[in-house]
Amino acid sequence: MLHALKFDPITELTRTTASSVKEHWRKVMQDVRDQQAVLVTNHNEPQAVIISAEQYQALQAQIVGLQRDLASLREQSPVLQQLRDSFDARLSSLDAAGAGSKARALLRKPARLKGKVAAGTGY
């Protein structure tokens, strides 16, 4: 079972400099344990985020689960794929030569329904 991971905005992370990471590794790792993530900066510009190995593994597991769910949804929805294909085929007709001028000419003509409602694929 996947648990929801919480990620603070990068602007709210504990910051440390790249040189501080080199010089004070143990303190940085303590900050990672305490804060869940530490932002590493270089010349005050964000360069990297350090997270714990446990959080990284949880993130990997969540990604795998989401990919599995997405694949399952795609397999379960052939009707949606058929609808998408049908829409794309109709949309591609707008790329045909002269499609723009035909559409403009059609829209300029007054509608002649002769008292009937026009609906369906023939209209």
Joining Ile, Leu, Val, Met, Phe, Trp and Tyr whenever any side-chain heavy atoms lie under 4.5 Å apart, the cluster holding Val38 also takes in Val21, Trp25, Val28, Met29, Val32, Val40, Ile50
For Pro78, the side-chain contact (heavy atoms from CB on, under 4.5 Å) test, sequence neighbours excluded, returns none
### Task
With the side chain counted from C-beta on, respond yes when Gln82 and Arg84 share a heavy-atom pair under 4.5 Å apart, and no when they do not.
no
dist Gln55:CD -> Leu59:CG (nearest 0.5 Å) comes out at 7.5 Å
For Arg26 and Arg33, the nearest pair of non-hydrogen atoms, with its separation, is O-NH2, 4.4 Å
Side chain to side chain, Thr17 and His43, heavy atoms closer than 4.5 Å = no
Smallest heavy-atom separation, Gln47 atom then Thr41 atom, equals CG-C, 4.1 Å
Taken in chain and number order and not counting sequence neighbours, the residues that satisfy salt bridge (Lys or Arg N to Asp or Glu O under 4.0 Å) with Lys27 are Asp31
Are the side chains of Leu106 and Lys102 in contact, using a 4.5 Å heavy-atom criterion?
no
Across all chains, not counting sequence neighbours, the side-chain contact (heavy atoms from CB on, under 4.5 Å) partners of Leu91 are Phe87, Leu94
Apart from Leu13 itself, its cluster of hydrophobic side chains linked below 4.5 Å comprises Ile10, Leu39, Val49, Ile51, Tyr56
So CD of Glu12 and CD of Gln35: to nearest 0.5 Å the spacing works out to 11.5 Å
Note: Ser93 and Ala99 closest approach over all heavy atoms is O-CB, 3.6 Å
Apart from Leu80 itself, members of its ILVMFWY cluster (side-chain separation under 4.5 Å) are none
